[in-house]
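One structure is given below, encoded as structure tokens.
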Amino acid sequence: MRIKTLALAVMLGCCGVGTVSCASSTASIPTRSMPAGATFSGLWYTNFGDLTLTQKADGYTRGNLDFKSGGSVEGRVEGGVFIFDWVQYGDFQVARREVSGKAYLVISDDGLSAEGKWGYGDKYEGGGIWTATKATEIYR
């Protein structure tokens, strides 16, 4: 009987730890207000290629990522933070599978750069740092 009680206690403890880690996956996302006149819309040069974003008035934001075989991002802007899901498309020609995850970017005081973190799956961290600089002029 004691072994069953101990096993149940261990299982409940593990479930509790799993719940805490799931709940804390967004706890580390910083907050900040959007600087006057700033927006995430536009072309951003990032450490993962060019990122073109369109931010709507309600905060919904989506875009395309020019990295390896391409990708997309989709999420919401809360204050001066873009919180999003990302997808890097697979490429059958080079045996690259599609991968995805979550990320966030915090806009700078001047609205011309952003930095945040990214992760795989349901995690916002663990993959590394994501940096971006906004294009102020478009050259064609």
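For this chain, numbers begin at 1 and follow the sequence in order.
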* Asked: Taking only residues two or more places apart in sequence or in another chain, which ones pass salt bridge (Lys or Arg N to Asp or Glu O under 4.0 Å) with D110?
  ->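 Once residues adjacent in sequence are excluded, D110 has no partner under the salt bridge (Lys or Arg N to Asp or Glu O under 4.0 Å) criterion.
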* **Set of residues satisfying salt bridge (Lys or Arg N to Asp or Glu O under 4.0 Å) with respect to E98, sequence neighbours excluded** =>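 E98: no salt bridge (Lys or Arg N to Asp or Glu O under 4.0 Å) contacts found.
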Residues that [X] engages under side-chain contact (heavy atoms from CB on, under 4.5 Å), provided they are two or more places apart:
X: D85; result: K102
X: S41; result: T39, Q55
X: S100; result: V87

* Residue pair F82, I107: steps toward the side chain to side chain contact (heavy atoms under 4.5 Å, CB included) verdict -> CA-CA 8 Å; F82 177 35; I107 203 160; over 6 Å; no
* Pairs flagged by salt bridge (Lys or Arg N to Asp or Glu O under 4.0 Å) wherever residues 29-43 is involved - sequence neighbours left out ->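 As it turns out, the salt bridge (Lys or Arg N to Asp or Glu O under 4.0 Å) pairs with a partner in residues 29-43, which skip direct neighbours, are R32-D109.
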Examine [X] and [Y] and state if one hydrophobic cluster contains both, with Ile, Leu, Val, Met, Phe, Trp and Tyr joined whenever side-chain heavy atoms are less than 4.5 Å apart.
X: V77; Y: W130; answer: yes
X: V73; Y: W44; answer: yes
X: V106; Y: Y124; answer: yes
X: L65; Y: L53; answer: yes

* **For S108 against P35, the heavy-atom pair lying closest together** =>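 Heavy-atom minimum between the residues: O-CG, 3.2 Å.
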* Non-hydrogen atoms of L105 and A114 that approach each other most closely ->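 Heavy-atom minimum between the residues: CB-CB, 4.1 Å.
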* To do: Name all residues meeting the ring pair (Phe, Tyr, Trp, His ring centres under 6.0 Å) criterion together with Y120; count only those two or more places apart in sequence or in a different chain, and write none if there are none.
  =>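 Partners of Y120 under the ring pair (Phe, Tyr, Trp, His ring centres under 6.0 Å) test: W86, W118.
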* To do: Could you pull out all residues at least two apart from Y104 that satisfy ring pair (Phe, Tyr, Trp, His ring centres under 6.0 Å)?
  =>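 Y104 satisfies ring pair (Phe, Tyr, Trp, His ring centres under 6.0 Å) with no residue once adjacent residues are dropped.
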* Asked: Going by atom types alone, do E78 and T31 pair a side-chain donor with an acceptor below 3.5 Å?
  ->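 Checked: E78/T31 side chains show no N/O donor-acceptor pair below 3.5 Å.
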* Asked: Got a second to check how far K134's NZ is from Y45's OH, nearest 0.5 Å?
  ->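 Those atoms lie 12.0 Å apart.
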* Asked: Going by the side chain to side chain donor-acceptor pair (under 3.5 Å) test, which pairs reach into residues 57-68, not counting sequence neighbours?
  ->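 For residues 57-68: Y60-E74.
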* Just jot down the side chain to side chain donor-acceptor pair (under 3.5 Å) partners of S72, sequence neighbours excluded, or say none. =>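 Once residues adjacent in sequence are excluded, the partners of S72 under the side chain to side chain donor-acceptor pair (under 3.5 Å) criterion are Y89.
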* Show your working on side chain to side chain contact (heavy atoms under 4.5 Å, CB included) between I129 and E115 and close with a plain yes or no. => CA-CA 7 Å; I129 303 294; E115 184 173 307; 3.8 Å; yes
* Kindly say whether A132 contributes a backbone atom to a donor-acceptor pair with the side chain of T46 at under 3.5 angstrom? =>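 Side chain of T46 to backbone of A132, a donor-acceptor pair under 3.5 Å: no, none is there.
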* To do: Might you work through the side chain to side chain contact (heavy atoms under 4.5 Å, CB included) test for L51 and F67, ending with a clear yes or no?
  => CA-CA 9 Å; L51 176 62; F67 181 68; over 6 Å; no
* **Intermediate values then yes/no, side chain to side chain contact (heavy atoms under 4.5 Å, CB included), F40 and M34** => CA-CA 10 Å; F40 277 98; M34 181 66 84; 3.8 Å; yes
